[in-house]
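Reading through the structure tokens given below for one structure.
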Amino acid sequence: MTITLTIRVQREDFDLQAEVDLLSKGKAGVGAIVTFSGLCRDEGGTLASLELEHYPGMAEAEMNRIGELAIARFGLLGLTAIHRYGKIAVGENIVLVVAAAPHRQAAFDGANFVMDFLKTAAPFWKKEHGKDGAAGDWVAAKDADDAARDKWK
């Protein structure tokens, strides 16, 4: 069976169901698919949008490295990871991870692993834009994200 790894960094939105269908098509050994879709939240009503930037080429390379690690570690049969960039309004998609595996635990673990490493290792930066029109600072890395990543070591 061919193992599929799809990595994309894109400005435009994605279609979650279409991505699941693409990943699972023709893979009779897939017994579980786990999806994670991260959305832009409103931060208690103060946020209008997030501006996401990335290091082109390096972001895709790091996402590919993380995806290959997840496939090897959890025996995934397929993995899709899409991260958007640009200005993203509240309620819009930011990131998608779809993990396909023979069994549910591997799919859950694979998706969690990918997200924990995307948050800490892939070169993406976020800037908040408030409803009042003010642009905030670039969002700092969080210790909780590092702790989530470190549990996989």
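The figures that follow rest on heavy atoms only: side chains count, while hydrogens, waters and symmetry mates do not.
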Self-check item: L69 side, atom CG; F74 side, atom CZ - distance, nearest 0.5 Å
Solution: 9.5 Å
Quiz prompt | hydrophobic_cluster_shared for L5 and V20, side chain cutoff 4.5 Å | solution = no
Practice problem: Could you walk me through whether E43 and R41 pass salt bridge (Lys or Arg N to Asp or Glu O under 4.0 Å), step by step? | Solution: CA-CA 6 Å; E43 296 295 346; R41 64 182 174 270; 3.0 Å; yes
Quiz item: For the atom pair CD1 (I66) and CZ (F113), what is the distance rounded to the nearest 0.5 Å?
Solution: 7.5 Å
Quiz item: Between N64 and E60, is any side-chain donor less than 3.5 angstrom from a side-chain acceptor?
Solution: no
Exercise. State plainly whether one hydrophobic cluster holds both V98 and L118, where clusters connect Ile, Leu, Val, Met, Phe, Trp and Tyr through side-chain heavy atoms under 4.5 angstrom apart.
Key: no
Self-check item: Shortest non-hydrogen contact between I94 and L52, atoms and distance
Solution: CG2-CD2, 3.9 Å
Exercise. Quick one: do K27 and T4 satisfy side chain to side chain donor-acceptor pair (under 3.5 Å)? Show the steps, please.
Key: CA-CA 10 Å; K27 290 188 174 167; T4 307; 2.6 Å; yes
Self-check item: Same apolar cluster: L96 and V30, side chain cutoff 4.5 Å
Solution: yes
Practice problem: Flag the pair F124 / W138 as yes when their ring centroid distance falls below 6.0 Å, and as no otherwise. | Solution: no
Quiz item: What heavy-atom pair brings K131 and G45 nearest, and what distance separates the two atoms?
Solution: CD-O, 3.1 Å
Practice problem: Count the heavy atoms of every other residue, nucleotide or ligand shown that sit under 6.0 Å from NZ of K151, and state whether that count exceeds 12. | Solution: yes
Exercise. Evaluate whether atom CZ of R73 has more than 12 neighbouring non-hydrogen atoms of other residues, nucleotides or ligands under 6.0 angstrom away.
Key: yes
Exercise. Kindly determine whether E19 and R8 satisfy salt bridge (Lys or Arg N to Asp or Glu O under 4.0 Å), including the steps that lead there.
Key: CA-CA 11 Å; E19 298 299 335; R8 292 198 315 268; 2.7 Å; yes
Quiz item: Does the side chain of D145 come under 3.5 Å of the side chain of T120 through a donor N or O and an acceptor N or O?
Solution: no
Practice problem: Working to the nearest 0.5 Å, report the span between CD of E92 and CG of L39. | Solution: 10.0 Å
Quiz item: Does CG in D132 sit with more than 12 non-hydrogen atoms of other residues, nucleotides or ligands closer than 6.0 Å?
Solution: yes
Quiz item: Taking side chain as C-beta onward, heavy atoms only, is K126 less than 4.5 Å from E51?
Solution: no
Exercise. Locate the shortest heavy-atom distance separating A89 from S49; write the atom from each residue and the value.
Key: CA-CB, 3.9 Å
Practice problem: Would you give the length of the straight line joining atom CG of L16 to atom CG of N93, rounded to the nearest 0.5 angstrom? | Solution: 7.5 Å
Quiz prompt | Distance-minimising heavy-atom pair for A100 and I33 | solution = CB-CG1, 4.1 Å
Practice problem: For atom CG of D137, decide whether the heavy atoms of other residues, nucleotides or ligands shown that lie under 6.0 angstrom number more than 12. | Solution: no
Exercise. Quick one: list whatever passes side chain to side chain donor-acceptor pair (under 3.5 Å) with R65, sequence neighbours left out.
Key: E62
Quiz item: Any side-chain heavy-atom pair from V139 and K127 closer than 4.5 angstrom?
Solution: no
Quiz item: Considering all heavy atoms of both residues, which atom of I3 and which atom of G78 are nearest to each other, and what is their separation?
Solution: CG2-N, 4.4 Å
Exercise. State, with a plain yes or no, whether a side-chain heavy atom of L47 is found less than 4.5 Å away from one of C40.
Key: yes
Practice problem: Start with the C-alpha gap between Y85 and E53, add the side-chain angles, then the distance that decides, and say whether side chain to side chain contact (heavy atoms under 4.5 Å, CB included) holds. | Solution: CA-CA 6 Å; Y85 67 92; E53 290 191 10; over 6 Å; no
Quiz prompt | Partners meeting side chain to side chain donor-acceptor pair (under 3.5 Å) with K119 (sequence neighbours left out) | solution = none
Quiz item: Would a hydrophobic clustering, with Ile, Leu, Val, Met, Phe, Trp and Tyr connected at side-chain separations under 4.5 Å, put W125 with I82?
Solution: no
Quiz item: Does some side-chain heavy atom of F36 sit less than 4.5 Å from a side-chain heavy atom of V95?
Solution: yes
Exercise. Tell me, yes or no, whether the heavy-atom count around F14 atom CZ, taken from other residues, nucleotides or ligands under 6.0 Å, exceeds 12.
Key: yes
Quiz item: Is the shortest heavy-atom distance from the side chain of H83 to the side chain of Q10 under 4.5 Å?
Solution: no
Exercise. For residues G75 and P102, report the shortest heavy-atom separation together with the two atoms involved.
Key: O-CD, 3.7 Å
Quiz item: When rounded to the nearest 0.5 angstrom, what is the spacing between CE in M63 and CG in L79?
Solution: 9.0 Å
Practice problem: Answer with yes or no whether the hydrophobic clustering places I71 together with F108; edges join I, L, V, M, F, W, Y residues whose side-chain heavy atoms lie under 4.5 Å apart. | Solution: no
Quiz prompt | Nearest-0.5 Å distance, OG1 of residue T80 to CD1 of residue I7 | solution = 7.5 Å
Quiz prompt | Which residues share a side chain to side chain donor-acceptor pair (under 3.5 Å) with D42, sequence neighbours left out | solution = none
